[in-house]
Amino acid sequence: MPTWISRPLLLLLLLLASPARAEVVTTLPTSGGKVVALTFDACEGRGAPALFDPSILAILEAEKVPVTIFVTGLFARRNAADLTRLSRLPFVEVENHSFDHPQHMERLDPAAIRREVEDTDRLVEELTGRRPRFFRFPAGSYDPAALAEVEATGHRVVHWSFASGDPVRSLAPEHLKDWVLSKTRPGNILIFHINGRAPATGVALPAILAELRRRGYGFVRLDEVMK
């Protein structure tokens, strides 16, 4: 891409060259009934090694609850064996959360944005046999140009309906449970973290799942209900 092209002009060119979508999904399709999507971010940035939280993995595998895991490339590479094993479970879906979790992808140039997406795609496909369809911006930070650049790679961008706040290390499990249950509505996309940096989640998750089921909710993977 020539260096003389301004960012507004670049955005216009991207929008003209790609399908007219330009949206960040925060809720499931309305025809899905009383369901929610359980999603987990598996983040790792440069210089910050991270591993799967074994307590959360044990809950998900025991309950066989449909789940979508957004992984960064660095996390996928470090946790390759576990990710490959999980991807073979019929209720687990693995999607793209960038390569090294830059907090502001909107500050990257177009080529760097594409590398963040495409390098992770290749690694996830190598480990799981399936190329990601969905992308989640690190920290939810983007601008129209970054969104258009990601969509031009063929991905839909999926964020969340409300923040659980589970990375806050001082968060009490009971508060996490009460907050999530008070906010959840049909069609919500729930977000938690599975990278060992959300200590309340593994404790609160069984009660959250049990209460949502008691209220009549079902759980779906994103790829089951979204095109």
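- Under a hydrophobic-cluster definition in which Ile, Leu, Val, Met, Phe, Trp and Tyr are linked whenever side-chain heavy atoms come within less than 4.5 Å, directly or via other members, V168 and W160 are assigned to different clusters.
- Considering every non-hydrogen atom in both R221 and T68, the closest pair reads CA-OG1, 3.8 Å.
- The shortest distance between side-chain heavy atoms of R197 and P167 does not fall below 4.5 Å.
- Here the closest heavy-atom approach between residue V71 and residue A76 is recorded as CG2-CB, 4.2 Å.
- By the 4.5 Å heavy-atom criterion applied to side chains, E224 and F91 are not counted as neighbours.
- In this structure, L205 CG and S55 OG are separated by 8.5 Å, a value rounded to the nearest 0.5 Å.
- Looking at heavy atoms from C-beta onward, L38 lies in side-chain contact with L60 at the 4.5 angstrom threshold.
- F162 is listed as a side-chain neighbour of L190, based on a closest heavy-atom distance under 4.5 Å.
- At a cut-off of 3.5 Å, with distance as the only test, no side-chain donor of T72 or E44 sits close to an acceptor on the other residue.
- Judged purely by atom type and a 3.5 angstrom limit, E93 uses its side chain to pair as donor or acceptor with the backbone of D223.
- Judged purely by atom type and a 3.5 angstrom limit, E151 uses its side chain to pair as donor or acceptor with the backbone of A22.
- If you run salt bridge (Lys or Arg N to Asp or Glu O under 4.0 Å) between D100 and each of R78, R46, R77, only R46 comes through.
- Distance alone, capped at 3.5 Å, places no donor-acceptor pair between the N195 side chain and the A50 backbone.
- Listed for the S87 side chain is a donor-acceptor partner under 3.5 Å among the backbone atoms of T84.
- Between the side chain of D41 and the backbone N or O of C43, no donor-acceptor pair lies under 3.5 Å.
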* Using the side-chain contact (heavy atoms from CB on, under 4.5 Å) rule, take L209 and F219 through it: C-alpha gap first, then chi angles, then the decisive distance, then the call. => CA-CA 9 Å; L209 297 178; F219 301 91; 3.7 Å; yes

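- One side chain, D121 or N96, offers a donor N or O that lies under 3.5 Å from an acceptor on the other.
- Annotation: side chain of H193 is not in contact with side chain of D53 (no heavy-atom distance under 4.5 Å).
- To the nearest 0.5 angstrom, L57 atom CG is 9.0 Å from F40 atom CZ.
- Interatomic distance, I69 CD1 to I194 CD1, rounded to the nearest 0.5 Å: 4.5 Å.
- For H155 against P132, the heavy-atom pair with the smallest separation is NE2-O, 3.5 Å.
- With K34 contributing its side chain and R215 its backbone, the two residues share a donor-acceptor pair below 3.5 Å.
- Every side chain to side chain contact (heavy atoms under 4.5 Å, CB included) that A111 has, sequence neighbours left out, goes to D109, R115.
- A distance of 11.0 Å separates OG1 of T128 from CG of L86, quoted to the nearest 0.5 Å.
- In plain terms, the two heavy atoms of G73 and L123 that are nearest each other are O-CD2, 3.2 Å.
- By the 4.5 Å heavy-atom criterion applied to side chains, I189 and V25 are counted as neighbours.
- Smallest separation of non-hydrogen atoms from G187 and S161: O-OG, 4.3 Å.
- A ring-centre distance under 6.0 Å is found for F137 and F135.
- Looking at E125 and R122, no side-chain N of the basic residue comes within less than 4.0 Å of a carboxylate O on the acidic one, giving no salt bridge.
- Screening R130, R133, R156, R136 against E95 for a salt bridge (Lys or Arg N to Asp or Glu O under 4.0 Å) leaves a single residue, R130.
- Nearest approach of A200 to A172, heavy atoms of both residues: CB-C, 4.2 Å.
- Two residues are said to be in side-chain contact when any heavy atoms from C-beta on lie closer than 4.5 Å; I56 and F192 fail this criterion.
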